[in-house]
Protein chains: 2
Amino acid sequence: MARKTGSHSQITGPKVRQAASKLFARHGFAAVSMRQIASEVGVQAGALYLYTPDKQSLLFDLMQGHMQDLLTAWEAQEKGRGPLEQLEAFVRFHIGFHLDRPDAVFIAYMELRNLSDENFAVIEGLRKRYEDVLESILREGQQAGVFAVPDTKLAMMALIAMLTGVNTWYREGGRLSRDKVEAIYWDMARKAVAA
Amino acid sequence: MARKTGSHSQITGPKVRQAASKLFARHGFAAVSMRQIASEVGVQAGALYLYTPDKQSLLFDLMQGHMQDLLTAWEAQEKGRGPLEQLEAFVRFHIGFHLDRPDAVFIAYMELRNLSDENFAVIEGLRKRYEDVLESILREGQQAGVFAVPDTKLAMMALIAMLTGVNTWYREGGRLSRDKVEAIYWDMARKAVAA
DNA sequence: GTCTATAAGGTGATAGAC
DNA sequence: GTCTATCACCTTATAGAC
């Protein structure tokens, strides 16, 4: 049988991040105390500092991990050949990836202002890399005459805002399946930038 | 000459709301203390309680005022006759109104989770009334055969997210004028829902 | 109308026992 | 690896002086 007190470093570490993610998403970084996180994990507050140097690092690790997962997942994605196929792949990928991890997405969008200056710069760099993926697709399609976007940066911003917005209203088991939602958004995105 | 201590109730009240709006938008409701707000206004913390019963009410009044301004401004707006003219009016109105008050918009979107349950219900009701404006335009256009939106609720959500997203990147005096931005977004919105 | 002082309690982070 | 105890400080909100 297990001891009441013992070695759990390989279990407690992930549990700390998971608890922080859940609580930061629900109540916001500033409103959550280290004691609340510890209570969710099932340890005392002091024990958290074995897994993070401070609260700020906990937030940064969560956000950096999320952005890196996003970029890695896109790179591993099957992409079509032409701009139209690539845009469809991006739209479906973005919606699916974001719906899979609502807490991480919420934190990544809401807690930027609670990052230290240095940490903010890192996260912004990763975000820019992701935005460049979509902007490149749009630029390529524009040059090929498949899209008619007078400004690729604006079109990129408009599409990303539209797609990420799904997270604010979609509920699993609701009126529409994920696939149906992806199809409807792909239809709107396609038409919005069509030549 | 003015006394150091005197009667300023008609000046201090608005200053408190303005300071709170600025600080909540920059740092978040939970991260801002009553002492910080007082310091921004130029009074001591205790004096704030002459103008608000508590911190929660300060947040609620800001958000409720913003949502009521939004609905009032839309009702005072010139609208076109057909669905297409009405959609153009909505797109341009939404972008313009939101760019005019970035702090209030930021708070309205970011601080919902810091409202008490009762206050949240009130704000959600006002938000729903605004969403209904756009959904009605889309439904009317769908029935008239001007729009092709398989689901008016989804199209409404997609368009509002897209339009509100302008606030995240637009900077006064930047590369594009407000009117140019409105024109480009109107072009994308129109095409996205076009028949 | 605003101030100072204070109540009652929460905060992030660390030290040392086990 | 985790706990308890603690430090120094900040929090919202109120009472009473001016």
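Labels below follow one simple rule: chain letters A, B, ... track the order of the sequence lines, proteins then strands, and each chain is numbered from 1.
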Using OP1 and OP2 only, check whether a side-chain N or O of A:Gln44 sits under 4.0 Å from D:dT2.
no
In the 5'-to-3' direction, what one-character label does each nucleotide of nucleotides 12-18 of chain C receive under the scheme B = base within less than 4.0 Å of a protein heavy atom, S = sugar-phosphate only, - = no such atom?
BBB----
Between A:Thr164 and A:His98: side-chain donor-acceptor atoms closer than 3.5 Å
no
For a quick test of reading the model: is some side-chain N or O of B:Thr12 closer than 4.0 Å to OP1 or OP2 of C:dT2?
yes
Within one Ile-Leu-Val-Met-Phe-Trp-Tyr cluster: B:Tyr109 and B:Ile95, side-chain cutoff 4.5 Å
yes
Using OP1 and OP2 only, check whether a side-chain N or O of A:Tyr51 sits under 4.0 Å from D:dG1.
no
Just the rounded figure in Å: distance from C1' of D:dT4 to CG of A:Leu48.
15 Å
Nearest-angstrom distance from the residue atom CG of B:Asn114 to P of D:dT11:
16 Å
Are B:Val181 and B:Leu159 linked, directly or through other ILVMFWY residues, by side chains that come within less than 4.5 angstrom of each other?
yes
Co-membership, hydrophobic cluster, residues B:Leu99 and B:Ile107, 4.5 Å side-chain
yes
Salt bridge (charged side-chain N to carboxylate O under 4.0 Å, His left out) against B:Arg92, all qualifying residues, sequence neighbours excluded:
B:Glu88, B:Asp179, B:Glu182
Given the side-chain rings of B:Trp74 and B:Phe97, with only the six-membered ring counted for Trp, is the space between their centroids under 6.0 Å?
no
